[in-house]
Every structure is written in structure tokens, then in C-alpha cells.
Amino acid sequence: MNPKKLYLYNTLSRKKELFEPLNPPYVGMYVCGPTVYSDAHLGHARPAVTFDLLYRYLAHLGYKVRYVRNITDVGHLESDSDEGEDKIAKKARLEKLEPMEIVQNYTRHYHQDMDALNILSPNIEPFASGHIIEQIEMAKEILDNDYAYEVNGSIYFDVLKYNEKHHYGKLSGRVIEDMVSSTRELEGQDEKKNNVDFALWKKASPQHIMRWASPWGEGFPGWHLECSAMSRKYLGEQFDIHGGGMDLLFPHHECEIAQSVAANEKEAVKYWLHNNMITINGQKMGKSLDNFITLKQFFSGEHEALKKPYKPMTLRFFMLQAHYRSTLDFSNEALMAAEKGLERLLEAKNKLKNIKPSNKSSLDVNKLKKKCYEALNDDMNTPVAISHLFDAARNINSAFDNKSTLDAQQIKDLNQLYDTFFTDIFGIKVPIIQSEPDETLLNGLIETLLEIRNNARKQKKFETSDFIRDKLNELNIEIKDTKNETAWNIKKS
RNA sequence: GGUUUCGUGGCCGAGUGGUUAGGCAGGGGUCUGCAAAACCUCUUACAGCGGUUCGAAUCCGCUCGAAACCUCCA
């Protein structure tokens, strides 16, 4: 491996590969986004942070990235059986709302959470329901190429037929014979020739509300098809990076490969990247396990598993302290450790401007910078890069304590190191002073000052007590001494 | 049952053949009126057993344990 070049772990080859875009300097990147039927949880933050990091890093390296992240608002069924209800439609039925209301509401929430985490918006954020025509078109092509069949107004992908010429299972490492023989029998799958087949288009039952006209009657698209159709539309038949959570590896991404090959007769994706799962007490966070924490709960602290609220940047930093391909276990202890670590880095950066430059110093900032790049080039090894930032912080603290020295150039370089990695690439947003005054804090401060003042008055140290009163007056804070207490108010002028 | 991944010090988490990961917590010290912060320092781990090797946390085998996917999930 050349440490000066970016290597990414490609799930397809199970190896770290040198990243070489198909058409430099352009890079096409597609990431599976959320199905917007409920609030985003911690699990949604992982791919968002992971691929935001990649997006930022690629841009930093000078690539012109087109980042597409979809919103799934149709076709994602509760189960794979024919009676499986659409997730959006189900939520709409339960809450007595239009499906579009569900979609818009949770899309808005998703964007709010992503903004809080300082996740950059993708360049294109297509909705599945806005690309029905493209999906029908793709299903037709697959049908024309004889890799699909129609049954009662539904179109199914013929996996066994596809596997005669191509390799179904190349991404997930699954063996098709095993799948055919071992996959559990599901009820209501009578239409499929084989249980491994999957739907490209499904006929809508009379009560199904989300429905579109197609050459095969009214229906709706299968879940896997949207990603193939929309990535092709915006990134072309072949593009560089496809990302998503590891749980989508099979069947979702395996199906995407099959669909693209069946329609275009070539593979669409050069690098498949997958982030690992988030666990809570060693177990995956999942809807069915009922152990998930939404991002809103996480930020407000309103969840029984949380001892306190956590800031969005704590979450972001916590995730970056683990490699994206490792599982990451949540606990209050681990989060508080991350919170403290982040504070340490932030404080060191703040101290930087208070250090008087010296004439000599031995710190090699360029070496640190180089090590940070090497870490990121090695499949985005953020924990290692962060450890080098902690090195920088220790040197800054030491210079601040006058235990070592930094020269003017090094201070400049350290500032730049922080700006480049901490701010630009890791996307840590340094908190700016709160715009709204904190009432509890303000009250507490003034009460404390008045206590000092009253103690001074009791001891007849009037120069101290008058000093406090005059200074507060200058700030438009009026003090009224009465027999028993001292009242205060902010003058409205 | 099948496929895959993993098991690192009190906790989180890098490392994948030989030199300190890092953070948090804890002990000791410096500093300090006290405290906090900071700095220095200590606790030196790699599931178990066996093998390969001059040398293994790192490669191989077995055992034990955990998780993910195969069914909705980021």
C-alpha cells in the first residue's frame, strides 16, 4: 500500500483497494438513505457519518463528487410475503394520515437530525416515488432481457436463471444452492418460481393505497429496484462508490447488482462500502428488538437507557473514534469518555491562540499531518487519525503550561491541522457562543455576585460592594437593597 | 441448520509477525492557599489449547464464547 494514496475496503473483493475513480476527477457515490416511516435512530447516524466523512475527504483530496442519497418512500414492505404491507402505508393507516404526510414529516425530521450532526447534504436526494417511470422502465428492460417473469400483474426477478450466466451471491458470499434449499418457506409466496426470486414490481391489492399505473396493471415497485434505477439515472450505468449499512448487503445490494447486470449487461458499482452496525449492550439496535434510541431522544436524554442528554457532536466524535467497519457498542460510560475526549481536543485548540511563539521548538507538525493523512488513506482509519490529534493537543497543552515551546510557524501549522482534519474532514462543528442567554446561568451569576457584595457590606468593605453595584449598573442591571434582601432586575431602556 | 464476522488491559477502541496506539477511569508526582485543569508517571492486555517461526495479540488448527445476515432493519 502506498500511504500517500487512498485505499478503501471493497466488500466485493474483501480487500483494501487503491481508489481510482472511473472518470477522474469526478466521483459518483450512491448511499442507501432512510425509509421515512419513523424518526431516525442511532443506527441511521452511522452510515450518515461514515459517508459524510468519505464525501468530505474525497472533496478535500480534490475530487468532484456527486453524492446521491435516496429517500425510500414506497416499496419497502414489512415482510417479503405477498401480504407484506408497505411501511409507509402502514404508518399512514395507523396514524390516519396521507402517506405523503408521513413521508414529508419524517423526511423533515431526518434532515433536522442530519443538520444537528453536521452532515453535509448530498448533491441529489431522490425519492423513490418520484422515479416510478424509471423503475418501470428498468423492470421492462430486465423482462426484455429474459431475467424476469410476470405473474398476475407482478414482476419477479428470476434469480436461478440469472445465476446461470452470472454470479448471484458474489457480494454477500452466499451460495445459491444453499439458499434455495435452506431458505425458510414463507407463506404467500406462491407466485414466485423460487423462494430466492424477488419482486421488481408488485400488483396492488384493492386496499393498497400507494399505486401507480404500469404495463402490468396498477401496482408499486419492489424495494431493491429504486436504488438501481435512481443511481443509473443520476450517476450513469457505471459509477464509483456504493455505500450503505452492512445489513443491506443481503439481499438489498446483492439484488441491486443482479438488477443492474440484468438491465445494463454490466456491473454498475466499482467499490462497495459497508459500515458496521451499532449495538447496545452487545446487541444490534433494531426495530424488532425494540431497543433502539432515536436521535431526538439521544439529544434530549429522554430514554431510559440514557443517563443524560448527549450533544450531536459527542455522537459524531464517538462514531469517528471507532473504525466504520467495526461494530460500535453504546454505553453511557463510553459516551461520556468520548465527550471528555472531545472537550480535551476543543480546549487545546482554544489554547492555541494564547500561546506566545518562541524561537525554537522540536515538534514536527508536518509529521503529525502526514500521519493523519496516512491513517485516513488506510480505509478511513479515523481512530488512528484522532490519536494523532490527541498528540497535537498534548503538545499544545504542554506549551501552554510553558513546559515546552512552539514557534510561530508551528502554531500556524497546528491551527491548520485542526482546521483541516478536525473541522473540515471530521466535520466537528466547534460550538459558537450560544445566541440565547441561559437564564439559569445568568441568575446564578448575579446571585453569586450579590452574595459577595452583601458579605462585603456586612464587613463594611464598601469599596468592594460599591464596585460590584457600579459594574452591574453599567451592564444595565439595577440593584435595590431592602431591609431583608437585595432585589435586582434588568433595566429596560 | 447455512453464510459471515469477531473475542485486546476496569470501560471504549486501534493494531494484523519483531519498536508507545489513543481516549476515559484509577494510583503516584509536579504545579496550586484549596480545588479544577494541565503536565510527568504507573498499572504493560491481547478468550483457551496446540502448531508454524529465531520470534505471534498478529499466521494455521481445534475448543469455548459472542454477534450479524439468511425474515423488516442503517
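- As rounded to the nearest Å, G9(B) and A21(B) have C1' atoms that lie 13 Å from one another.
- Salt-bridge formation is not detected for the pair D86(A)/R93(A): no Lys NZ or Arg NE/NH1/NH2 atom is positioned less than 4.0 Å from an Asp or Glu carboxylate oxygen.
- Annotation: C69(B) and A38(B) have their P atoms spaced 40 Å apart (nearest Å).
- Distance noted for atom C1' between G13(B) and U8(B): 9 Å (whole Å).
- Here S172(A) does not reach the OP1 or OP2 of C69(B): none of its side-chain N or O atoms lies under 4.0 Å away.
- Distance noted for atom C1' between A47(B) and U53(B): 23 Å (whole Å).
- For the pair D378(A) and T327(A), both in contact range of RNA chain B, the more 5′-proximal nearest nucleotide belongs to T327(A).
- Mapping F250(A) and G173(A) onto RNA chain B via the closest heavy atom, the residue that lands nearer the 5' end is G173(A).
- Across all strands, N381(A) comes closer than 4.0 Å only to sugar-phosphate atoms, never to a base (heavy-atom distances).
- With rounding to whole Å, L389(A) atom CG is found 16 Å from A14(B) atom P.
- As judged by a 4.0 angstrom heavy-atom cut-off over every strand, G341(A) is placed among residues touching the sugar-phosphate backbone only.
- Between Y373(A) and H60(A), the ring center distance clears the sub-6.0 Å criterion.
- Around the CZ atom of R66(A), the shell of radius 6.0 Å holds no more than 12 heavy atoms that belong to other residues, nucleotides or ligands.
- Nucleotide U8(B) holds its P atom 11 Å from the CG atom of D329(A), rounded to whole Å.
- The P atoms of G48(B) and G22(B) are separated by 23 Å, rounded to the nearest whole Å.
- Contact annotation for L328(A): backbone-only contact, meaning every heavy-atom pair under 4.0 Å involves sugar-phosphate atoms and none involves a base.
- For the P atoms, the distance linking A25(B) with C12(B) amounts to 15 Å, nearest Å.
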N/O-N/O pairs, protein side and nucleotides 36-38 of chain B side, under 3.5 Å:
from	atom 1	to	atom 2	distance (Å)
A38(B)	O3'	N397(A)	ND2	3.2
A38(B)	O2'	D401(A)	OD2	2.6

Dot-bracket for RNA chain B, 5' to 3', Watson-Crick and G-U pairs with both distances under 3.5 Å, [ ] for crossing pairs, | for partner on another strand, reads (((((((..(((.....[...))).(((((.......)))))....(((((..]....))))))))))))....
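- Only the C1' atoms considered, C31(B) is 12 Å distant from A36(B), to the nearest whole Å.
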